[in-house]
Amino acid sequence: MNQPLDEDVKTLHSMGYAQELARRMSGFSNFAISFSIVCILAGGITSLPQALSTGFGFQVFVGWIVGGCFALVVALCLGQIGSAYPTAGGLYHWSSIFGGRGWGWATAWFNLIGLLFVVASVNVGVWYLFRDLVMAGVFHMDVSSITVDAARQDNGQAVAVQIFVVLLITTLQALSNHFGIKLTTMLTDFSGYLIFVVAIVLTGTFLIWGATWDFSRLFTFVNMTGEAGGGLVPQPRSMFIAFLIGLLYPLYTLTGFDASAHTAEETHNARVAVPRGMLHAVLWSVVFGLVMAGSFVLASPDLAATAKEGGSAWFNLFNNLPAPTWLKDFLAIAIVVANFICALAGLTSASRMIFAFARDGGLPGSRIWRHVSARWRTPVAAIWLGAGCSVAATLYSPAFSALAAGCALFLYVSYAMPIAAGFFAEGKSWTEFGPFRLGFWSKPLAALSSAGVLVLVYAGIQPPSDILINYIIGIVVFLTVLWFGVARRRFKGPPIGAEITRRAHEIEAAEEAVGEVASPGR
């Protein structure tokens with residue numbers, strides 16, 4: 001290559017990878033893609049009943065603070081590693097460096113499954129929001145025949161409609177990802193501003209036209225499991241277990257911020273932008289989400305009655321709010337748009353994870369999934385594989401709560417794996433750090449993150465999300481058989497040591513294939 005390389009490409013080459021993806025994302029865009037996936041207008045709305053039906057207003061407000069602080073700790077730990085190793089597939093790469101190729105391989109699968117669950121659960125949420133807010137709320141249509149209800153025996157039509165709509169939504173998101181990172185970036189940048197504006201307007205709407213101003217609600221814990229919470233948690237549980245289950249509300253929402261790492265190879269000044277993007281996405285989501293969640297609690301005419309409505313709680317609260325019709329119509333449409341872009345960003349993140357893992361031979365058919373389009377500079381095959389798998393995830397479990405819990409569980413496990421490995425590697429095999437460092441706090445925060453994820457796993461498999469036990473058993477058996485049967489012999493992991501030097505000619509060939517030689521710093 002006859003032109004000087006910029007620092008981002010030099011860093012990528014030093015890890016043994018070619019600059020195949022187009023590096024066109026600014027620091028704000030890197031933040032926006034994580035902020036769009038976190039999207040407090042997605043989980044912060046659709047999962048509200050998870051909190052109300054476990055611990056009342058306390059679970060919504062204080063639970064958000066507890067979950068938000070934990071998410072910030074995890075983001076700090078991941079940000080430090082991402083600053084040292086800014087590469088697509090980040091978590092998998094980091095785990096491989098710190099814990100060995102087997103640990104990295106397992107991390108990749110947990111992260112990939114979690115990301116696919118993000119896309120699946122949010123797209124199911126997009127349908128629920130469109131149906132209940134736009135179709136029922138804006139156009140006053142009767143949606144009872146297309147509402148999935150586990151208690152009904154004749155809901156085949158509703159399930160079929162849900163599958164069709166989710167397939168259509170996901171196809172549109174895949175097409176947006178297919179045609180270059182520029183289009184995706186424009187949408188996620190727009191979403192970054194949209195989420196801020198809509199969250200502020202939505203919070204103001206609930207406070208102006210609905211608030212009781214009874215602030216004691218925010219700190220009152222009532223065990224709402226069982227019938228009191230609309231049966232969302234079917235059997236009454238202890239206060240402690242109820243609180244743990246309710247933490248899935250903030251932690252389902254505050255996931256997906258690893259998108260900043262997955263798009264590192266498309267971001268300028270990645271060693272600085274990646275940790276900053278993660279931390280700012282979580283921090284501002286926690287702050288704005290807390291105020292927004294509090295407004296929902298304060299606006300309920302009867303909080304116990306709202307909690308008893310179960311999964312319909314937020315929708316009924318919003319539709320019955322005595323605010324101007326035009327304002328509610330605007331908010332309904334804006335919330336649906338924000339959720340659509342949330343899942344679009346999630347698919348971007350998942351496709352980069354697939355691409356990075358396949359680049360190192362970690363997936364069956366890796367040669368297909370690692371291919372980058374020379375025209376669009378996107379991993380086209382990986383995008384469509386991610387889209388297909390996310391739709392498939394909704395077929396086995398149409399229950400939104402199970403998908404939401406699975407998203408939080410698998411993603412946070414994948415977050416903890418490189419953090420835990422880094423805890424033991426720091427100061428030994430891990431001696432290279434980036435501009436963002438935690439210093440003295442590195443190991444204490446890593447230990448806290450790892451322990452907290454174990455608690456989250458326990459909470460995530462409690463009813464009604466105990467269906468995830470089947471997922472976990474199936475995944476563990478699948479990964480064990482796959483590793484010892486095939487992958488252990490064939491999978492080499494990301495390049496290290498002399499392998500990086502040996503890849504020099506491959507890197508040059510790969511960059512020539514996508515035209516990167518002509519403008520290496522792009």
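If you're wondering where the values come from, they're calculated on a predicted model, not measured in any experiment.
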A.B. asks: Okay, side chain of Asp6, backbone of Val9: is any donor-acceptor separation there less than 3.5 Å?
C.D. replies: yes
A.B. asks: Heavy atoms only: give me the nearest Val272-Pro435 pair and the separation to one decimal.
C.D. replies: CG2-CG, 4.0 Å
A.B. asks: Could you tell me whether the side chain of Ser449 and the main chain of Leu445 form a donor-acceptor pair under 3.5 Å?
C.D. replies: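 Confirmed, Ser449 side chain pairs with Leu445 backbone.
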A.B. asks: Could you tabulate the donor-acceptor pairs under 3.5 Å formed by side-chain atoms of residues 67-82, not counting sequence neighbours?
C.D. replies:
from, atom 1, to, atom 2, distance (Å)
Gln80, OE1, Leu438, N, 3.0
Gln80, NE2, Ser442, OG, 3.0

A.B. asks: Is atom CD1 of Ile65 surrounded by more than 12 heavy atoms (other residues, nucleotides or ligands) closer than 6.0 Å?
C.D. replies: yes
A.B. asks: Can you measure from CG (Asn177) to CH2 (Trp384) and round to the nearest 0.5 angstrom?
C.D. replies: 9.5 Å
A.B. asks: Report yes if the side chains of Pro463 and Pro234 come closer than 4.5 Å at any heavy-atom pair, otherwise no.
C.D. replies: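 SC-SC contact between Pro463 and Pro234 confirmed.
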A.B. asks: Heavy atoms only: give me the nearest Thr306-Ala313 pair and the separation to one decimal.
C.D. replies: O-CB, 3.3 Å
A.B. asks: So do the side chains of Asn269 and Glu7 get within less than 4.5 Å of each other, counting heavy atoms only?
C.D. replies: no
A.B. asks: Any donor and acceptor pair, going by atom type alone, linking the side chain of Thr348 with main-chain N or O of Leu344 inside 3.5 Å?
C.D. replies: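 Present.
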A.B. asks: Going by heavy atoms in the side chains, are Leu194 and Leu41 under 4.5 Å from each other?
C.D. replies: no
A.B. asks: Return the CE to OG distance between Met186 and Ser191, rounded to the nearest 0.5 Å.
C.D. replies: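 It is 13.5 Å, given to the nearest 0.5 Å.
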A.B. asks: Would Phe35 and Trp284 count as a close aromatic pair, with their ring centres under 6.0 Å?
C.D. replies: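 Here the rings of Trp284 and Phe35 have centres that are no less than 6.0 Å from each other.
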A.B. asks: Among Ile113, Val118, Val122, which residue satisfies the side chain to side chain contact (heavy atoms under 4.5 Å, CB included) criterion with Cys407?
C.D. replies: Val118
A.B. asks: Quick one: closest heavy-atom pair of Gly44 and Thr253, and the distance?
C.D. replies: N-OG1, 3.3 Å
A.B. asks: With a 6.0 Å cut-off on ring centres, are Phe219 and Phe58 close enough?
C.D. replies: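 No, the ring of Phe219 stays outside the 6.0 Å limit from the ring of Phe58, centre to centre.
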A.B. asks: Do NZ/NE/NH1/NH2 and the carboxylate oxygens of Arg490 and Asp360 come within less than 4.0 Å?
C.D. replies: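 Not counted as a salt bridge, because no side-chain N and carboxylate O are separated by less than 4.0 Å.
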A.B. asks: Got a sec, which pairs hit ring-ring contact (aromatic ring centres under 6.0 Å, His included) with one end in residues 437-467, sequence neighbours left out?
C.D. replies: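 Checked against ring-ring contact (aromatic ring centres under 6.0 Å, His included) - neighbours excluded - no pair reaches residues 437-467.
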A.B. asks: Between Ser121 and Tyr252, do the side chains contain a donor N or O and an acceptor N or O under 3.5 Å apart?
C.D. replies: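 Judged by distance alone, the side chains do pair up.
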A.B. asks: Using 30° and 60° as the class boundaries, would you call the ring planes of Phe221 and Phe243 parallel, tilted or perpendicular?
C.D. replies: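 The arrangement is tilted - the two ring planes meet at 30° to 60°.
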A.B. asks: So, using side-chain hydrogen bond (donor to acceptor under 3.5 Å, both in side chains) as the criterion, who are the partners of Gln59 when residues are at least two apart?
C.D. replies: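 With sequence neighbours excluded, Gln59 shows a side-chain hydrogen bond (donor to acceptor under 3.5 Å, both in side chains) to no residue whatsoever.
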A.B. asks: Taking the six-membered ring for Trp, are Phe410 and Phe117 parallel (under 30°), tilted (30 to 60°) or perpendicular (over 60°)?
C.D. replies: perpendicular
A.B. asks: Could you tell me how the ring of Tyr85 sits relative to the ring of His93: parallel (under 30°), tilted (30 to 60°) or perpendicular (over 60°)?
C.D. replies: tilted
A.B. asks: Check the pair Met25 / His268 against side-chain contact (heavy atoms from CB on, under 4.5 Å), numbers first and verdict last.
C.D. replies: CA-CA 6 Å; Met25 294 180 69; His268 293 287; 6.0 Å; no
A.B. asks: List the atom pairs, with distances to 0.1 Å, where a side-chain N or O of residues 99-108 and a protein N or O form a donor-acceptor pair under 3.5 Å, not counting sequence neighbours.
C.D. replies:
from, atom 1, to, atom 2, distance (Å)
Arg101, NH1, Arg488, O, 2.9
Arg101, NH1, Phe491, O, 2.5
Arg101, NH2, Arg488, O, 2.9
Trp103, NE1, Met417, O, 2.9
Thr107, OG1, Ser95, OG, 2.9
Thr107, OG1, Trp103, O, 2.8

A.B. asks: Taking the ring centre of each residue, are Phe478 and Trp109 less than 6.0 Å apart?
C.D. replies: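 Yes, close enough.
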A.B. asks: To the nearest 0.5 Å, what is the distance between CZ on Arg237 and CG on Leu244?
C.D. replies: 10.0 Å
A.B. asks: Could you please spell out the steps behind the side-chain hydrogen bond (donor to acceptor under 3.5 Å, both in side chains) verdict for Asn111 and His262?
C.D. replies: CA-CA 11 Å; Asn111 187 239; His262 290 306; 3.1 Å; yes
A.B. asks: Checking side-chain hydrogen bond (donor to acceptor under 3.5 Å, both in side chains) for the pair Ser260/Ser34: CA distance, chi angles, key distance, verdict?
C.D. replies: CA-CA 6 Å; Ser260 291; Ser34 283; 2.7 Å; yes
A.B. asks: So Thr54 and Leu247, do their side chains get closer than 4.5 Å, heavy atoms only?
C.D. replies: no
A.B. asks: What are the two closest non-hydrogen atoms of Ala32 and Asp189, and how far apart are they?
C.D. replies: CB-OD1, 3.6 Å
A.B. asks: Does the side chain of Ile335 reach to within under 4.5 Å of the side chain of Leu202, using non-hydrogen atoms?
C.D. replies: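 Yes. Closest side-chain heavy atoms under 4.5 Å.
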A.B. asks: Atom CZ of Arg217 and atom CG of Leu303: how far apart are they, to the nearest 0.5 Å?
C.D. replies: 5.0 Å
A.B. asks: Do you know the tightest heavy-atom contact between Ile181 and Thr378?
C.D. replies: N-CG2, 3.8 Å
A.B. asks: Can you find a pair of side-chain heavy atoms, one from Val297 and one from Phe61, that are under 4.5 Å apart?
C.D. replies: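 Val297 does not reach Phe61 side chain to side chain.
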A.B. asks: Report the residues that fulfil side-chain hydrogen bond (donor to acceptor under 3.5 Å, both in side chains) with Asn223, sequence neighbours left out, ordered by chain and then residue number.
C.D. replies: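 Here the qualifying residues are Thr225.
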A.B. asks: What do the steps show when you test Glu266 against Arg352 for salt bridge (Lys or Arg N to Asp or Glu O under 4.0 Å), and what is the final call?
C.D. replies: CA-CA 10 Å; Glu266 297 160 272; Arg352 272 49 175 185; 2.9 Å; yes
A.B. asks: Which class fits the ring pair Phe257 and Tyr415: parallel under 30°, tilted 30 to 60°, perpendicular over 60°?
C.D. replies: tilted
A.B. asks: Could you pull out the closest heavy-atom pair between Arg359 and Ala88, with the gap in Å?
C.D. replies: NH2-O, 3.9 Å
A.B. asks: Should the heavy atoms of other residues, nucleotides or ligands under 6.0 Å from CD of Gln235 be counted, would the total exceed 12?
C.D. replies: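 No, CD of Gln235 has 12 or fewer neighbouring heavy atoms, counting only those of other groups under 6.0 Å.
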A.B. asks: Are the ring centres of Phe196 and Tyr193 closer than 6.0 Å?
C.D. replies: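 No: the rings miss the under 6.0 Å criterion.
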A.B. asks: Apply the test side-chain contact (heavy atoms from CB on, under 4.5 Å) to residues Val274 and Ser83: give CA-CA distance (whole Å), side-chain angles for both, the deciding distance (0.1 Å), then the verdict.
C.D. replies: CA-CA 7 Å; Val274 167; Ser83 183; over 6 Å; no
A.B. asks: Would you say the side-chain atoms of Ser53 pair up with the backbone N or O of Pro49, donor to acceptor, closer than 3.5 Å?
C.D. replies: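 Yes, the answer is positive, given that a donor and an acceptor are paired below the 3.5 Å cut-off.
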A.B. asks: Decide yes or no for Leu21 and Pro379: does some side-chain heavy atom of the first lie under 4.5 Å from some side-chain heavy atom of the second?
C.D. replies: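 In contact.
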A.B. asks: Going by atom types only, do Gln19 and Asp8 share a side-chain donor-acceptor pair under 3.5 Å?
C.D. replies: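 Short answer, no.
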A.B. asks: Evaluate Glu265 against Leu12 for side-chain contact (heavy atoms from CB on, under 4.5 Å), listing each step before the verdict.
C.D. replies: CA-CA 8 Å; Glu265 294 180 26; Leu12 188 58; 3.5 Å; yes
A.B. asks: Check the surroundings of atom CZ in Arg271: do more than 12 heavy atoms from other residues, nucleotides or ligands lie under 6.0 Å from it?
C.D. replies: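 Atom CZ in Arg271 is packed in, count exceeds 12.
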A.B. asks: According to side-chain hydrogen bond (donor to acceptor under 3.5 Å, both in side chains), who are the partners of Thr203, at least two apart in sequence or on a separate chain?
C.D. replies: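 Testing Thr203 for side-chain hydrogen bond (donor to acceptor under 3.5 Å, both in side chains), a comparison that skips the adjacent residues, returns none.
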A.B. asks: Are Val38 and Thr255 side-chain neighbours, meaning at least one heavy-atom pair lies under 4.5 Å?
C.D. replies: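 Side chain of Val38 against side chain of Thr255, heavy atoms only: no contact under 4.5 Å found.
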A.B. asks: Indicate whether any N or O donor in one side chain lies under 3.5 Å from an N or O acceptor in the other, for Ser29 and Ser26.
C.D. replies: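 Distance-only check passes for Ser29 and Ser26.
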A.B. asks: Between Leu298 and Ser295, is the side-chain contact (heavy atoms from CB on, under 4.5 Å) condition met? List the steps.
C.D. replies: CA-CA 5 Å; Leu298 294 176; Ser295 74; 5.7 Å; no
